Amino acid sequence: PASPARPNSNLCNMRSRLQVRLALTAVLIVLIDQGTKLYATQKLHGKSGVFWLDTEYLAFGLRYSLNKFLSFSIPAPRWLIVALSAGIVLILIHWWRKAVRRRESHTAMALTLIISGALSNLADRLVGGAVVDFISIRVANLQWGLFNLADVAIIGGIIYLLWSEYRSKSDTVSQEG
């Protein structure tokens, strides 16, 4: 006779499948980000940049830059930036583990995006002392952004996290009302 399935075994299998998918997503994000940064370093370093759209009011393209600062070019010592980044990543990993345990897949995926982007940028700081930025957007005379794919993952993860939290709150309110 077949042994009866343990009630928690399906839950554990679902949780481990979720963890595997999230880990593969994180590895893929870091590899793609690091690959594009390597490409940007090899092809754009020392050049003025490559722009696909370059008008008086809008420019979009690739331009190599090393960012030794915090977000939005806020100056800080390297040790402080590394310590803050590592501390934030540890807090996010703790939150991620809770989300996985509770099977909150949307929250876990959003945190995976944020954590993987942060880890990739942290690796840049640890290895090279600065983060490679290469995606350039200018609106009018304002340089709106110079960033990389890790930054895109972080911002995308934050937007996804806010959306999933809003959605879960609105679902709770509609169930109560």
Side-chain angles (χ1 to χ4, degrees), residues 19-93 95-96 99 105-166:
Q19 286 175 322
V20 167
R21 282 196 324 262
L22 295 173
L24 289 174
T25 300
V27 168
L28 189 62
I29 289 169
V30 170
L31 288 175
I32 291 170
D33 179 62
Q34 290 296 313
T36 57
K37 288 174 180 173
L38 179 62
Y39 181 81
T41 300
Q42 292 173 346
K43 299 293 183 181
L44 299 171
H45 183 62
K47 297 180 179 151
S48 61
V50 178
F51 288 85
W52 297 289
L53 176 65
D54 195 1
T55 69
E56 182 180 349
Y57 301 105
L58 181 65
F60 175 77
L62 303 176
R63 183 170 60 94
Y64 178 84
S65 176
L66 279 178
N67 182 358
K68 296 180 180 185
F69 304 110
L70 285 169
S71 297
F72 308 108
S73 298
I74 299 169
R78 181 178 172 204
W79 68 266
L80 180 61
I81 295 171
V82 168
L84 281 172
S85 299
I88 290 168
V89 165
L90 290 174
I91 290 166
L92 292 172
I93 289 171
W95 186 5
W96 178 88
S105 59
H106 290 294
T107 301
M109 179 54 81
L111 290 168
T112 297
L113 294 171
I114 298 167
I115 291 166
S116 57
L119 285 174
S120 191
N121 281 342
L122 180 59
D124 286 356
R125 291 194 188 284
L126 290 171
V127 172
V131 174
V132 174
D133 288 330
F134 60 92
I135 301 169
S136 178
I137 298 176
R138 180 181 48 77
V139 178
N141 290 329
L142 178 67
Q143 176 68 39
W144 185 79
L146 192 56
F147 51 95
N148 57 51
L149 294 181
D151 298 333
V152 173
I154 292 167
I155 297 301
I158 291 169
I159 291 168
Y160 188 14
L161 183 62
L162 292 172
W163 172 80
S164 69
E165 291 298 315
Y166 169 78

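Source: prediction; values computed, not measured.
- In plain terms, the two heavy atoms of Ala76 and Leu70 that are nearest each other are CB-CD1, 3.9 Å.
- Side-chain contact between Trp96 and Thr107: absent, with no pair of heavy atoms (C-beta onward) separated by less than 4.5 Å.
- The only option from Leu146, Leu149, Asp151 that meets the side-chain contact (heavy atoms from CB on, under 4.5 Å) definition with Ile135 turns out to be Leu149.
- Gly117 approaches Ile154 most closely through the heavy-atom pair C-CD1, 3.7 Å.
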CA sep, side-chain torsions, deciding dist, call: Gln19, Leu24, side chain to side chain contact (heavy atoms under 4.5 Å, CB included): CA-CA 8 Å; Gln19 286 175 322; Leu24 289 174; over 6 Å; no

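- Checked by atom type and distance alone, the side chain of Asp33 pairs as donor or acceptor with a backbone atom of Ala150 at under 3.5 Å.
- We find the CD1-CD1 distance between Ile29 and Ile114 to be 10.5 Å, quoted to the nearest 0.5 Å.
- Between the CG atom in Leu161 and the CD1 atom in Ile158 there is a gap of 8.0 Å [rounded to 0.5 Å].
- For the atom pair OG (Ser65) and CG (Leu44), the distance works out to 11.0 Å, reported to the nearest 0.5 Å.
- Tested against Val131 for a side-chain contact (heavy atoms from CB on, under 4.5 Å), the candidates Leu66, Leu122, Asn148, Ile81 yield a single pass: Asn148.
- The line from CG of Leu142 to OH of Tyr57 is 15.0 Å long, rounded to the nearest 0.5 Å.
- Among all heavy-atom pairs drawn from Thr41 and Tyr64, the shortest one is OG1-CE1, 3.5 Å.
- A donor-acceptor contact shorter than 3.5 Å links the side chain of Arg78 to the backbone of Arg125.
- The neighbour count for Phe51 CZ, taken as heavy atoms of other residues, nucleotides or ligands under 6.0 Å away, is above 12.
- Taken to the nearest 0.5 Å, the OG atom of Ser136 stands 4.5 Å off from the CZ atom of Arg63.
- Leu92 pairs in a side-chain contact (heavy atoms from CB on, under 4.5 Å) with only one of the listed residues (Leu111, Thr112, Leu119), which is Leu111.
- For the pair Arg138 (side chain) and Thr55 (backbone), a donor-acceptor distance under 3.5 Å is present.
- Between Trp52 and Phe60, the angle of the ring planes lies from 30° to 60°, which puts this pair in the tilted group.
- Between Ala108 and Ala99, the closest heavy-atom pair is N-CB, 4.0 Å.
- Closest heavy-atom contact between Val89 and Ala118: CG2-CB, 3.7 Å.
- Closest approach of Met109 to Tyr160, counting heavy atoms only: CG-CE2, 3.5 Å.
- At least one donor-acceptor pair closer than 3.5 Å links the side chain of Gln34 to the backbone N or O of Ser120.
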